[in-house]
Amino acid sequence: MSRSQHSRVAAAGAAVLAALVLLPAPVPAAADGGQKTRTIVIDPGHGGLDVGAKGKFGSLEKDITLAVALRLKGLIEQNLAYRVVLTREKDLDVSLENRSAVANNNDAGLFLSIHTNGSFRKNAQGAETFFLSLNASDEETRKLAYLENSSAALEGRISAEAKDDVTMILWDMAQAAHIRQSARLAEEIQKELNQPPLGIENRGIKQAPFKVLTGVACPAVLVEMAFISSPEEEQKLIKDEFQNQIAQALFRGIVRYLRLFPQ
Amino acid sequence: MPRPKTVLLAVLTVLLAVLAFRFIRSGGREDIRPAEDVGAPASGLSEAEARNLPRRTVTVFFARENDDRLVGEKREIPADGVPDREARAILDELLRGSLEGNLSPLPPGTKLEQVFVAKNGTAYVDFSRDLVARHPSGTSAETATIFAVVNSLTANLASVKNVLILVDGEERETLSGHLRLNRPLLPNMGLIAKN
Ligand SMILES: [Zn+2]
């Protein structure tokens, strides 16, 4: 890379950084007359060589997540004025980073990662919805604090190396600005998963440090539909009827959320 | 009216008393964590020597059978005061499996390659490939594995603030596609069973 190229990249990096730092606090997105690209990104968990969790009868998590994601895509496109982008449409390997990048590159208003659960316990059952826990180590907190304190003096002052480091951490923590809305999204979806036709145990909403959620710059949740490690739930998960019901529940949860926070 | 010298003496006495009180209190606190009290030699402990060391009780976390909570089992380890060695002893107990009918959150055959507690409070724990290769996968299973390790170390070692789990000497993004592993993890005490 030439010197001028390098400095241009550095300047762009600094601009991105400044924008990120100065981003407004996470208030509910205002209805701005539909000016935004209305995109929902659905992430069918695993794929390709990464088969995910396996059932006793041989079902694979990656196949079920894709089947439900495709059904959900259909429901949203038929009923809502939203564009739907899947992080994979086929049985493909996609890195966790690229999955979050699909959301950010499409300026998504909502990100939903779909999984089937697996446990050491054979009788573990039920559905749960997660949003990110900010399990930042002291080191990260310190770096973020440093960044916030010095954001005004950022441009051109810090070394390229330090900038890379800081940019990486910022992107890594992009979800931090959307935690409240993500919690609401998780709540609305979990409410619907708990409705009668499905009849799955309600494990509630939880927080955990999911890699795929950390870099997503919009409200984002991860749904564990049921346990593929439970022979009983595995049998449900592979049925068309159950997959349709789950997709419908996820759809209704999304609609509820969008009513609360119109985009 | 007291003379200035008397006042000075009184002030000094109070100051001394406060310092003495603080000293005693901090000493008392360290008694709770014998890990830092025992003046064991810093290196070259043979097994026999280890057996002669005072022992201390630690709580090691396993997966409960009837829900997804972690439950503690009491174990005795040599209290040799060296964080690396105590961390290894705690993880060896975890690898030994449950003695109280709980589930082992580490896949069978998993070996502990190395443990190192850094000065900044991060424990580096390196497991053999079996941790990944024989892991059942799934969020619940990953959660149990990761936080059984993290909680067992942080709950028993004052010098460990967070834990970075390595596999075969390398950092990993995740164990099987869910929780991120490539940053030190803080304990999640919310996973521990209340009863
Ligand atoms: Zn999964």
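Naming: A, B, ... by sequence-line order, numbering from 1 per chain. Keep in mind it's a predicted model, so treat the numbers as computed, not measured.
In summary, the side chains of Ser230(A) and Lys122(A) do not present any donor paired with an acceptor at a separation below 3.5 Å, with no hydrogens or angles considered. Inspection of the Glu187(A) and Tyr257(A) side chains reveals no N or O donor paired with an N or O acceptor under 3.5 Å. Of the N and O atoms on the side chains of His115(A) and Glu61(A), at least one donor lies less than 3.5 Å from an acceptor on the other residue.
With a 4.5 angstrom heavy-atom cutoff, Leu103(B) touches chain A only via side-chain atoms. Proximity to chain B involves both the backbone and the side chain of Ser119(A), based on heavy atoms less than 4.5 angstrom apart. Only the side chain of Ala144(B) comes within less than 4.5 Å of a heavy atom of chain A; its backbone N, CA, C and O stay farther away. Proximity to chain A (any heavy atom under 4.5 Å) is restricted, for Thr174(B), to the side chain, taken from C-beta onward. Looking at Ser104(B), only its backbone comes within 4.5 Å of chain A, counting heavy atoms on both sides.
At most 12 heavy atoms of other shown residues, nucleotides or ligands fall within 6.0 angstrom of atom CD in Glu97(A).
The side-chain hydrogen bond (donor to acceptor under 3.5 Å, both in side chains) check on Arg88(A) picks up Thr65(A), with sequence neighbours excluded.
The choice from Gly190(B), Pro136(B), Ser176(B) that makes the most heavy-atom pairs within less than 4.5 Å of chain A is Pro136(B).
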